[in-house]
Amino acid sequence: MKFVQTAADPHSNARCGLITTDHGEIRTPIFMPVGTVGSVKGVYHKELKDDINAEIILGNTYHLYLRPGLKTLRAAGGLHRFESWDRPILTDSGGFQVFSLTQIRKITEEGCTFQSHIDGSRHIFTPENNVDTQRVIGADIMMALDECCPGDADYRYAAKSLKLTQGWLERYAKRFHETEPLYGYDQTFFPIIQGCVYPELRIQAAEHALRFADAGIAIGGLAVGEPTEKMYEMLETVCPVIPADKARYLMGVGTPANLLEGIARGIDMFDCVMPTRNGRNGMLFTWNGIMNMRNAKWENDFSELDPYGTSFVDHQYSKAYLRHLFVAKEMFAGMIASEHNLAFYLDVVRQSRMHIEAGDFAEWKEEAVRKVTSRL
RNA sequence: GUGCGUGUAGUUCAGUUGGUAGAGCACCAGAUUGUGGUUCUGGUUGUCGUGGGUUCGAGCCCCAUCGCGCACC
């Protein structure tokens, strides 16, 4: 797998690039729909490809390890074949889920022990078994096991947490290079930069992580409770440290405005549950602003869902109809909203690429941010 | 027709020995950032069926009346 930069915006740090994998190419900047348990909730793979044009999707090691489990995944021949998706997949290590989903957990030098949110059973993730697990899942891009430090952590905690993450990364890389892909196509892994909101920790973390980076590197521990401005500051701190030949992945982010601001600071890859989870809850993102489809004001608005939308749902269904589906708690509501939101997110990065190549991204971005943050 | 029961927010109901009403859901908004098909945070809503009476004071006690339910003629 490799990454090459193909264009750069003259007035910002935005850039375009191309990631090449054995499952096809990914044009960056890109947004990656989240498919935690082996499905992008409520969206057919056919729609993901043909309508949304997702070039890569996510899976999650924590969830897939618990269910269906490694035995089934191995017997299926890996996640691609299991869920019948022939484009690239990235798997998160599950470190974040251990911290966000599990109350009962313990972090040690060795790894993290936790109880399943499904049946309470006890498990341990170590850097070594996490590599093995992600080999079985078979993602094109594997993520290193890290500790996601809360955004409001004090310096002492953040420094200690970073040290742990760095120790885990060294072991993770060692195991990665000692093992082989299981299904005949290449796998790579991204190390993760932590360091909370402390610039010196972030820079130190970046320099350390870069020693293990192949095609790309991730920035984690952002959008986890710190002010948004702090997140942008950290991107401005870290991105210049990363050489141009590494793809930069901002984990778990974010709003459409976060994407645009991230791209302007040099980020190439994003993932976030927001378009799907908030979509299932009635929140729609559009070039006209944010809509809450549950609001009474749509009750008799029979105009098309989103006149600027790129998805077929935007022109086939009306606002009033979608509101009705949400009020009636029909699962079709979540499906339409997810399809729209993902198509919109992919449109945001597609238009960003277009403007970077045209050299007018910085100027266009200002207006775009205003549009996507307004309310309808 | 007779007997018993019942009537309180849009809805299901709570409401102590009488001190002018609350909850869940619904409804109206807001939050949600490496997904537990959620969760959280606010807000609106009442001629206590109606008319009288007792009382300083009635959702509560008394009378009448109307609606509904059940049982029996």
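Here the structure is a predicted model, which is why all the values come from computation and not from measurement. In what follows, chains are A, B, ... by sequence order, proteins preceding strands, each numbered from 1.
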* Structure fact -> Its contact letters, B for base, S for sugar-phosphate only and - for none at protein heavy atoms under 4.0 Å, make nucleotides 37-44 of chain B read BB------

* Asked: Do side-chain atoms of Arg175(A) reach the backbone of Pro127(A) as a donor and acceptor pair under 3.5 angstrom?
  -> no

* Closest to the Lys329(A) side chain: U33(B), A26(B), G34(B)? -> A26(B)

* Tyr157(A): side chain to side chain donor-acceptor pair (under 3.5 Å) partners, not counting sequence neighbours -> Glu147(A)

* Quantified in whole Å, what is the P atom distance between nucleotide G5(B) and nucleotide C48(B)? -> 24 Å

* Judged by atom type as modelled, is there a donor-acceptor pair below 3.5 Å linking the side chain of Asp271(A) to the main-chain atoms of Gly252(A)? -> yes

* Excluding sequence neighbours, so at least two apart, what forms side chain to side chain donor-acceptor pair (under 3.5 Å) with Asp92(A)? -> none

* Using Watson-Crick or G-U wobble pairs with both distances under 3.5 Å, give me RNA chain B in dot-bracket, 5' to 3', with [ ] for crossers and | for pairs to another strand. => (((((((..((((.....[..)))).(((((.......))))).....(((((..]....)))))))))))).

* Using the closest heavy atom to pick a nucleotide of RNA chain B for each, name whichever of Arg323(A) or Cys272(A) lands nearer the 5' end. => Arg323(A)

For residues 66-73 of chain A, dump all side-chain donor-acceptor pairs below 3.5 Å to protein atoms at least two apart in sequence or in another chain.
none

* If you check every side-chain atom of Arg375(A), which of A31(B), G34(B), C28(B) has the closest atom? -> A31(B)

* Asp146(A) (side chain) donor-acceptor with Cys148(A) (main chain) under 3.5 angstrom -> no

* **P gap between C61(B) and A23(B), integer Å** => 24 Å

* Which whole number of Å gives the distance between the P atom of U2(B) and that of A64(B)? -> 12 Å

* May I ask you to test the Ile219(A)-Arg202(A) pair for a side-chain heavy-atom distance under 4.5 Å? => yes

* Inter-nucleotide C1' distance (G69(B), G52(B)), Å rounded -> 26 Å

* Could you work out which one of A29(B), G34(B), U32(B) sits closest to the side chain of Asn295(A)? => A29(B)

* Same-atom distance (C1') from U17(B) to A58(B), integer angstrom -> 14 Å

* For Gly95(A), answer base if it contacts any base atom (sugar-phosphate contacts may also be present), sugar-phosphate if it contacts only those atoms, and nothing otherwise; contact means non-hydrogen atoms under 4.0 Å. => nothing

* Among U33(B), G34(B), A29(B), the nucleotide that comes nearest once only the side chain of Leu58(A) is considered -> G34(B)

* To do: Tell me which nucleotide among U33(B), C28(B), U32(B) gets nearest to the side chain of Val273(A).
  => U33(B)

* To do: Remember a base hit wins even if backbone is also touched, and classify Glu226(A) as base, sugar-phosphate or nothing at under 4.0 Å, heavy atoms.
  => nothing

Atom pairs and distances, donor-acceptor, side-chain atoms in residues 323-339 of chain A, under 3.5 Å, two or more places apart:
{"unit_1": "Arg323(A)", "atom_1": "NH1", "unit_2": "Arg294(A)", "atom_2": "O", "d": "2.5"}
{"unit_1": "Arg323(A)", "atom_1": "NH1", "unit_2": "Asn295(A)", "atom_2": "O", "d": "3.4"}
{"unit_1": "Ser338(A)", "atom_1": "OG", "unit_2": "Gly334(A)", "atom_2": "O", "d": "2.7"}

* Asked: When you compare C13(B) with G59(B), how far apart are their C1' atoms, in angstrom units rounded to a whole number?
  -> 14 Å

* Asked: How about Phe125(A) and Tyr65(A): are their ring centroids closer than 6.0 Å?
  -> yes

* Selection from G30(B), G34(B), U33(B) that lies nearest to any side-chain heavy atom of Asn292(A) -> G30(B)

* Give the ring-plane orientation class for His208(A) versus Phe212(A), where under 30° counts as parallel, over 60° as perpendicular and anything between as tilted. => tilted

